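These notes concern the structure reproduced below.
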2 protein chains.
Amino acid sequence: MPTISKEDYIKAIYQLESYPDKSVSTTDVANKLEVSKAATSEMVQRLSEQGFLNYEKYRGMSLTEDGKRTALHVIRRHRIWELFLVDVLGLTWSEVHAEAEILEHSTSDFLIERLDKYLRHPKFDPHGEPIPDKYGNLPELPDWVSLPKCEVGKSYRLVKVTDSSKELMDYFTEIGLSLNKVVMIVSRLSYDNSTIIQVGNDSFNISEKIASNLFFIEDV
Amino acid sequence: MPTISKEDYIKAIYQLESYPDKSVSTTDVANKLEVSKAATSEMVQRLSEQGFLNYEKYRGMSLTEDGKRTALHVIRRHRIWELFLVDVLGLTWSEVHAEAEILEHSTSDFLIERLDKYLRHPKFDPHGEPIPDKYGNLPELPDWVSLPKCEVGKSYRLVKVTDSSKELMDYFTEIGLSLNKVVMIVSRLSYDNSTIIQVGNDSFNISEKIASNLFFIEDV
DNA sequence: GTTTAAATTTAAGCATTCCTAACTTAAGAA
DNA sequence: TTCTTAAGTTAGGAATGCTTAAATTTAAAC
Ligand SMILES: [Mn+2]
Ligand SMILES: [Mn+2]
Ligand SMILES: [Mn+2]
Ligand SMILES: [Mn+2]
């Protein structure tokens, strides 16, 4: 059984691997977890010895099957807890990530299956992220597009939000964004590639950096 | 903030202190937590330096006010989780202790107050143990008697069960014992101080050791 | 093709938590 | 009161997980 730290490293590497055409570097992991590169380098070597990673010194890393399985196991617990906290306890979507970040390491398989059953085997968490099933299979995913790539003039439905910043989540709530909300792409400023969207009767200019945390599908 | 280990030591010492006329020894703590006496001795010295315990070498220990507050804080989280798991998720009273033993260290004050509110500020956990409120105050306790001290011929109502052994909890369930169940004390064998109780239509001989885990109040 | 800078690893050190083995103290028995 | 032993502490060592500083390697610039 991996420790809490190891689970967090493995999960971080899994998430970094999801970016296409880029192998995962020590620096990437160190930045994501906010630890030193030295600590990361050591941990990566340990995880590699223990069979969670393929790793060649100075060359970057990739998860083994075992590593992927472990990552999906942690992610499953994280997302089930988030959904549970929102749907049952009534926490907001901006409050749950920090709690889940801890609970994901403190939940037995037995308990997580009970939570899963209670929630009727949900497929997505409160931010629209897919929940792996107990075998590690992800549900089929809609073909989402990040906001900076949405076309001006079209309407889109919000299906996923990156949840790592509470501040950002609160901002999204404030401007009326929630999952499945339909918005209109009013325009895009070539000056800074920001996007102006209309939510209900109000319009907002969303910077490219912020916009990259919002994922939509075209509204039919 | 104490670490998980420290919280477990402090909680163990609190619970050992509840036995009257006995000061808490290194051995007591080591046995309870199933670690070596050496590890306990070291930890006790650290906790003493940090103000959680009064401690004189070779002389035993007692919690400071700070230590008691910390212990009650952990116990609150433990018992609220146990009740939540039973009342909301439908786990049995024998399944929850092990889960709570971990969750008690992974729950923010924010979350525990939400759970508490959801449960309508409960006063007792599924084993009849009192839940400290957020200020550390325990509810008023009934004057319970352990089974070996119950008088033959009288009827008693079960109000508290020691929950540390799953095996024992399952046995209690099997013979029909649950909280608030009324039982009749049929007899006591002087040979081994075991007690014969009647639960519904069945009678059972309960050894003194097992009986000391059951607490009753006289049924009026 | 060198040179240089960035990325990465190694080294040295610290804190925590545990272990076994050796030693010390306290307390009861003789 | 001395002896014996149980209880408790210290010593030495290991694993984890983190830090900063010093090497080392790679890759990009010239
Ligand atoms: Mn999350
Ligand atoms: Mn985490
Ligand atoms: Mn318990
Ligand atoms: Mn615990």
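Just so it is clear, the model here is predicted, and its values are computed rather than measured. Below, chains carry the letters A, B, ... as their sequence lines are ordered, and counting in each starts from 1. The figures here come from the full heavy-atom set of this structure, side chains too, leaving out hydrogens, waters and symmetry mates.
In terms of modelled atom types and a separation under 3.5 Å, the side chain of Ser48(B) and the main chain of Val44(B) share no donor-acceptor contact.
Counting to the nearest Å, the C1' atom of dT8(C) and the CE atom of Met61(A) are 10 Å from each other. One atom, NZ of Lys37(B), and another, C1' of dT20(C), lie 13 Å apart when rounded to the nearest Å. Atom pair Glu49(B):CD and dT17(C):C1' shows a separation of 15 Å (rounding to whole Å applied). At whole-Å resolution of the value, CD in Glu42(B) and C1' in dC19(C) are 10 Å apart.
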Margin query: Between His97(B) and His127(B), does the ring-ring contact (aromatic ring centres under 6.0 Å, His included) criterion hold? Intermediate values first, please.
Written below: CA-CA 10 Å; His97(B) 180 77; His127(B) 314 99; 7.1 Å; no
(Q) Would Phe215(A) and Val161(A) count as a side chain to side chain contact (heavy atoms under 4.5 Å, CB included) here? Give the steps. (A) CA-CA 6 Å; Phe215(A) 299 84; Val161(A) 180; over 6 Å; no
For this session: In sequence, state the C-alpha distance, the side-chain angles, and the governing distance for Phe84(B) and Tyr118(B), and then conclude on side chain to side chain contact (heavy atoms under 4.5 Å, CB included).
Result: CA-CA 9 Å; Phe84(B) 188 84; Tyr118(B) 187 89; 3.8 Å; yes
TODO: Dump the intermediate steps for salt bridge (charged side-chain N to carboxylate O under 4.0 Å, His left out) on Arg114(A) and Glu99(B), then the final yes or no.
DONE: CA-CA 12 Å; Arg114(A) 293 300 290 259; Glu99(B) 304 291 343; over 6 Å; no
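Taking OG from Ser62(A) and CG from Leu53(A), the interatomic distance works out to 7.5 Å, rounded to the nearest 0.5 Å.
In terms of phosphate contacts, Tyr58(B) brings no side-chain nitrogen or oxygen within less than 4.0 Å of OP1 or OP2 of dA6(D). At dT24(D), none of the side-chain N or O atoms of Lys57(A) fall inside 4.0 Å of OP1 or OP2 (strictly under the cut-off). The side chain of Ser41(A) places no N or O atom within less than 4.0 Å of a non-bridging phosphate oxygen (OP1 or OP2) of dT8(C). Under 4.0 angstrom from either OP1 or OP2 of dA7(C) there lies no side-chain N or O belonging to Ser25(A). Residue Gln45(B) places at least one side-chain N or O closer than 4.0 Å to OP1 or OP2 of dT10(D).
Atom NZ of Lys123(B) has 12 or fewer heavy atoms from other residues, nucleotides or ligands within 6.0 Å. Annotation: Asn137(B), atom CG; neighbour count of heavy atoms from other residues, nucleotides and ligands within 6.0 Å is above 12.
The side chain of Ala38(B) lies closest to dA11(D) when the candidates are dA12(C), dA11(D), dT20(D). When distances are taken from the side chain of Arg59(B) to each of dA11(D), dA27(C), dT10(C), the shortest belongs to dA27(C).
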Taking only N/O atoms, report every protein-nucleotides 14-16 of chain C pair under 3.5 Å with atom names and distance.
none

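Listed by first then second residue, pairs satisfying salt bridge (Lys or Arg N to Asp or Glu O under 4.0 Å) with a partner in residues 10-20 of chain B read Lys11(B)-Glu101(B), Lys11(B)-Glu104(B), not counting sequence neighbours.
Interface residues of residues 26-35 of chain B facing DNA chain C, ordered by number: Val35(B); criterion, heavy-atom separation under 4.0 Å.
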